[in-house]
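It should be emphasised that the depicted structure is a prediction, and the values quoted were computed from it without experimental measurement. Sequence positions, counted from 1, serve as the residue numbers for this chain. Just so you know, these numbers use all the heavy atoms, side chains as well, and skip hydrogens, waters and symmetry mates. Whatever order the structure lists ligands and atoms in, that order sets their numbers, starting from 1.
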Amino acid sequence: MFTKNYDVVVCGAGVAGVAAALASARLGKKTAIIEKTVYTGGLATSGLIYIYLPLCDGNGTQVSFGITEELLKASILYGPGEIPANWKNQKNAEEQKRYRTIFAPASFTLAIDELLLEAKVDIWYDTLVCATQVDKDKRLTGVEVENKSGRGLITAKSFVDATGDSDLAHMAELPCHTNDNALANWVLEYNDRTNWPMSARTHGVCIHMGGTNVDSKAGYRGINGASVSRFLLQGRERYLKDLKAAYASGKHERDTRFPLQLPAMAQFRMTRCIPAHYMLKDNQDWTPFEDSIGLAADWRKSGYVWEIPFSSMTPVGLKNMVAAGRCTCSEPDAWEVTRVIPVAGLTGEAAGTAAALAADKSISPDELKITELQDTLRKNGNKIHFDEVGLDPAKFKKK
Ligand SMILES: Cc1cc2nc3c(=O)[nH]c(=O)nc-3n(C[C@H](O)[C@H](O)[C@H](O)COP(=O)(O)OP(=O)(O)OC[C@H]3O[C@@H](n4cnc5c(N)ncnc54)[C@H](O)[C@@H]3O)c2cc1C
């Protein structure tokens, strides 16, 4: 068994993990990011989810800043996609007119790799986190990993669970919350007659969203091996059915529409989230939290903004760990807001910052003074509370 030690170890290199690793390394901590696939970006790249949802409220006010904004810009550095020029002048804008972009998934991976290397993050690709080491005081002290070198133990002062599925929390035997998922199978395809947005700039290459949002009651939870395989196979079956129908109708032939790449990870939206000190509740938009780490816009409707409490990122029953992205603790409708790419970037930066500050003091992230975390985030360009972006919750009628 090989061993290695860091200040901060981030497990999972989705957008949340990437933001966490960048934040930690930029604060001078020796940081590693461990990723089971061979891509950074997670669902946004290997999962082919190519829409970076809005950083603004739909009424011209930007609410999310910092690394998540940096990553949005990075996603279009080596490929197509535009930020709508007029987003600041919109009122009650639909999602496509807000501060958001589409991007080419592979271009985003290349840009992320560059950022991580620049920040001197150690990237462990093709490495599965397969067990946790927890001491008698319920402190996470190490993760066991497996890759081409065999089994290894990676120790650190603080850890970030950015696995999307709360794998660290689950391996440490915490009772995670779960949720049902709709079947999804977005496929990168060549299609010379598509209307999907990527096609206009990329000569027929598009993402086909076939099989999305069906069978939402089918019990796809993504929390055991069999259900992941069933989800993947049924998603592919749906896609193939669409393709065969397009050929049979004469609308397409083999060389006018065909798959270029299937998603390299299962497209589950919400699998497991950690049992945290606080669970963000449905309808808690416009709720001020003393321990807010930043603001998130509801991508589904203009004019709804959320403060994200740090206590929804720290687990009950496990020290030295903080969660980011899809792993943070929310009720199902609030989870619809916290699980998406811009908010993964936001909670990722907060998690990496908290992990780094805690490592400095040899304490657990949940023992940090919240004002220290907030001040560090502010120093790095983030806004923490509604009034910092000129918004007043009292002015917005509750539903
Ligand atoms: C069908 C669908 C449509 C969506 N549409 C949109 C959209 O239009 N816009 C938007 O903004 N968001 C959308 N989302 C949500 C968004 O893509 C993700 O929720 C977001 O990217 C989550 O980021 P994350 O970093 O939290 O998790 P993930 O992207 O899931 O990243 C987790 C990473 O951890 C790695 N990992 C997991 N377990 C281990 C382990 N044990 N060891 C090592 N590595 C591990 C994974 O390989 C992955 O790279 C959609 C999601 C789905 C499924």
- Message: At less than 4.0 angstrom from any non-hydrogen atom of G42, what atoms of ligand 1 do you find?
- Response: 29 (O), 31 (O), 48 (C), 49 (O)
- Per-residue contact class, T127 against ligand 1 - non-hydrogen pairs under 4.0 Å: backbone
- Query: In terms of ring plane angle, is the pair W186 and Y50 parallel, tilted or perpendicular, where the classes change at 30° and 60°?
  - Reply: perpendicular
- Message: Parallel, tilted or perpendicular: which one describes the rings of F396 and W286, with boundaries at 30° and 60°?
- Response: parallel
- Item | Distance (rounded to the nearest 0.5 Å) between I51 CD1 and I341 CD1 | 8.0 Å
- Between the candidates A13, G12, A16, which shows the shortest non-hydrogen contact distance to atom 25 (O) of ligand 1? A16
- For ligand 1, which atoms have a heavy atom of A344 less than 4.0 angstrom away? 23 (O)
- Item | N179 side chain near F268 side chain, heavy-atom distance below 4.5 Å | no
- Residue portion contacting ligand 1 (non-hydrogen atoms closer than 4.0 Å) for I51: both
- Can a cation-pi geometry be assigned to K244 and Y247, taking NZ or CZ under 6.0 Å from the six-membered ring centre and within 45° of the ring axis? no
- Note on the structure: Taking only non-hydrogen atoms of G325 and a 4.0 Å limit, the atoms of ligand 1 in range are 26 (O)
- Within a distance under 4.0 Å of any heavy atom of T37, pick out the atoms of ligand 1 and give their elements. 47 (O)
- Query: With side chains defined as the heavy atoms from C-beta onward, is the minimum distance between I274 and L174 less than 4.5 Å?
  - Reply: no
- Note on the structure: Nearest non-hydrogen contact to atom 1 (C) of ligand 1 from the set G222, A184, C11, P263 belongs to A184
- Message: Just to be sure I read this right, does ligand 1 sit under 4.0 Å from the backbone of D167, its side chain, both, or neither, counting only heavy atoms?
- Response: side chain
- Task: For A162, take its heavy atoms, then give the atoms of ligand 1 lying under 4.0 Å from any of them.
- Result: 32 (C), 33 (C), 34 (O)
- Message: Considering V38, V145, I33, I341 one by one, which has a heavy atom nearer to atom 21 (O) of ligand 1 than any of the others?
- Response: I341
- Item | For P342, atoms of ligand 1 separated by under 4.0 Å from a heavy atom | 11 (O)
- Message: For atom 40 (C) of ligand 1, tell me which residue out of T271, V129, D126 has the closest non-hydrogen atom.
- Response: V129
- Task: Measure from atom 2 (C) of ligand 1 to every heavy atom in I49, V143, L168 and give the option owning the shortest one.
- Result: I49
- Consider only side-chain N and O atoms of D113 and Y125, and report whether a donor and an acceptor are under 3.5 Å apart. yes
- Considering Y52, Y39, W186, which one's heavy-atom position lies nearest to atom 3 (C) of ligand 1? W186
- Using the side chain to side chain contact (heavy atoms under 4.5 Å, CB included) rule, pick out the option among M270, M279, R272 that qualifies with H177. M279
- Message: Can you name the atoms of ligand 1, numbered from 1 with element, that are less than 4.0 Å from a heavy atom of F268?
- Response: 53 (C)
- Going by distance alone, is a donor N or O of one side chain under 3.5 Å from an acceptor N or O of the other, for S330 and T338? yes
- Taking atom types as modelled, is there a side-chain donor on T163 or D165 under 3.5 Å from an acceptor on the other? no
